[in-house]
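In what follows, chains carry the letters A, B, and so on, assigned in the order in which the sequence lines appear, proteins first and then strands, with residues in each chain numbered from 1.
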Amino acid sequence: MIQHNANKGMSIIVKSIARILTGFVLLYGIYIVLHGHISPGGGFAGGFIIALSYILIMLAFGKEEILQRVPQATITILESVGAIMFLFIALLGFSSGYFFRNWLPEGTPFKLLSAGTIPISNVALALLEVSLGLFGIFLVLVLLKFSQKK
Amino acid sequence: MIEINLLLGFIIIAAIIAVNAKDLLSAVVAVGVSGLGICITFLTLKAPDLAITQLVVEILCLMILVNATIKKDLPFSVSGRWFLNTLITIIFLIAFLYIGYQAISGIPRFGHPTMRVASIYIREGLEKVHAANLVSAINLNFRAYDTLGEATILFAAAIGVMAVMRSKGRKKKEERETE
């Protein structure tokens, strides 16, 4: 549950709506990522939707909330894990042939577990995009801090 | 075809307004309008993957830009060597238009799918990859090298900005031990 601090952020109406909506936005982002090989979307779009759910928290509850929830070290780790995971999936293709081979069994199309490595690659890209989106927020916070000091 | 032309005109008008706006916030809003126009253009051209990505990235960039510009009002510099600046702008505009015309006149006509490799992807994509979404299959299987390069670019950009914008430097090992 999101900790409530009456003085920070927007009014109580915005906070209540944001508290309800954040979970749904997060869930929709995860759906877009996991169904990237069946329906339109994929890792890039879904990752940014997941990041937007955190931005909703930032807009409603103030900057301290997001800085407390997701420290910058977590974002760095997420980004590195996404990039290395994508490369690792590609390298595992050598186990049965060549770089970027589809080494997992390909199921029947239009099923959730199909298309070999594509769902895992989507998840890896989504991790990268989530961290990039959150990193953008941190960049703005740092920039605003700089401009206030001057 | 007519709706795409209308949307293109809409995007161009929004871009002109963004350049000519007097304060920074209205320029940011006009940039967002042109991005939404691009999103609807993708939808009309039946590319929902691109439309979703464009919409989401546009919202994210708009939020970051609004957050960065809402408290500042940068003045426009109108003084200076306006004659030289206008001359250089016109020369570069003509050069870019000429080069762009030369480049675009070489590619196939709009909506004319004659590319050989792409037609192979469309015909054999479902049997080879077993992915229902062909865009995903091309992105992550046929052209996975491109996606790897893209991910590398994003990663390197984030690492570079993180290194430049970091406010506290890392301490040396001896200093950490003495503390």
Side-chain angles (χ1 to χ4, degrees), chain A residues 29 32 35-49 51-52 55 58-59 72 75-76 79-80 82-83 86-87 89-90 99-100 102 106-111 114-118 121-122 124-125 128-129 131-133 135-148, chain B residues 42-43 46-72 74 125-148 150-159 161-162 164-167:
Chain A
I32 289 255
H35 286 241
H37 56 294
I38 302 170
S39 60
F44 283 98
F48 273 121
I49 292 174
L52 279 177
I55 294 184
M58 185 198 87
L59 288 180
Q72 201 176 353
I75 291 175
T76 320
E79 185 171 23
S80 312
F86 192 57
L87 193 63
I89 291 162
F99 203 55
F100 272 120
N102 214 343
E106 306 159 337
T108 50
F110 299 99
K111 288 275 163 59
S114 67
T117 57
I118 289 181
S121 310
N122 265 331
L125 282 178
L128 193 63
E129 298 302 315
S131 55
L132 266 177
F135 178 63
I137 310 169
F138 279 101
L139 199 63
V140 169
L141 295 184
V142 170
L143 279 175
L144 283 179
K145 215 185 281 174
F146 269 125
S147 64
Q148 279 165 4
Chain B
F42 283 144
L43 265 185
K46 296 185 179 61
D49 291 81
L50 275 177
I52 291 174
T53 311
Q54 168 72 28
L55 184 67
V56 173
V57 174
E58 189 65 43
I59 292 170
L60 188 72
C61 290
L62 205 62
M63 274 178 184
I64 289 175
L65 281 177
V66 167
N67 246 325
T69 58
I70 199 161
K71 284 180 186 159
K72 279 179 265 180
L74 300 177
L126 190 60
E127 315 164 5
K128 282 195 171 171
V129 191
H130 289 81
N133 184 4
L134 199 61
V135 178
S136 213
I138 291 172
N139 253 343
L140 296 171
N141 201 295
F142 290 117
R143 296 284 183 95
Y145 273 110
D146 287 356
T147 313
L148 183 63
E150 198 175 344
T152 314
I153 289 170
L154 291 173
F155 187 70
I159 292 289
V161 173
M162 215 177 273
V164 172
M165 295 301 295
R166 152 180 91 170
S167 52

**Item:** A/Leu59/B/Met63 under side chain to side chain contact (heavy atoms under 4.5 Å, CB included): CA gap, chis, key distance, verdict
**Value:** CA-CA 9 Å; A/Leu59 288 180; B/Met63 274 178 184; 3.8 Å; yes
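- Contact count against chain B (heavy-atom pairs under 4.5 Å) is highest for A/Ser39 among A/Gly133, A/Gly42, A/Ser39.
- Contact annotation for A/Ile49: both backbone and side-chain heavy atoms come within less than 4.5 Å of a heavy atom of chain B.
- A/Asn122 places a side-chain heavy atom less than 4.5 Å from the side chain of B/Ser136.
- Counting all heavy atoms, side chain and backbone alike, B/Ile52 lies closest to A/Ala45 at CG2-CB, 3.5 Å.
- Within the model, atoms OG1 of B/Thr53 and CD of A/Glu129 stand 9.0 Å from one another, a figure rounded to the nearest 0.5 Å.
- Of the listed residues (B/Val135, B/Thr147, B/Leu50), the greatest number of heavy-atom pairs within a distance under 4.5 Å of chain A belongs to B/Thr147.
- Neither the backbone nor the side chain of B/Gln54 comes within less than 4.5 Å of any heavy atom of chain A.
- Proximity of B/Leu154 to A/Phe44: side-chain heavy atoms (C-beta onward) are separated by under 4.5 Å at one or more points.
- Comparing B/Ile59, B/Val57, B/Ile64 by how many heavy-atom pairs each has under 4.5 Å with chain A, the most go to B/Ile64.
- Considering CG of B/Leu60 and CD1 of A/Ile55, their distance stands at 4.5 Å, rounded to 0.5 Å.
- Contacts of A/Ser80 with chain B are made by both backbone and side-chain atoms, with heavy-atom separations under 4.5 Å.
- Among the candidates B/Leu55, B/Ile159, B/Val56, the residue making the largest number of heavy-atom pairs closer than 4.5 Å to chain A is B/Val56.
- No other option in B/Thr152, B/Asn139, B/Leu148 has as many heavy-atom pairs under 4.5 Å with chain A as B/Leu148.
- Looking at A/Leu132, only its side chain comes within 4.5 Å of chain B, counting heavy atoms on both sides.
- Pairing each heavy atom of B/Phe155 with each of A/Ala83, the nearest pair is CD1-CB, 3.9 Å.
- For the pair B/Ala151 and A/Leu128, the tightest heavy-atom approach, listed with the atom from each and the gap, is CB-CD2, 3.6 Å.
- Within the 3.5 Å criterion, the main-chain N or O of A/Gly41 finds a donor-acceptor partner in the side chain of B/Asp49.
- Using a 4.5 Å heavy-atom cutoff, the side chains of B/Leu140 and A/Leu125 are in contact.
- Looking at A/Phe48, both its backbone and its side chain come within 4.5 Å of chain B, counting heavy atoms on both sides.
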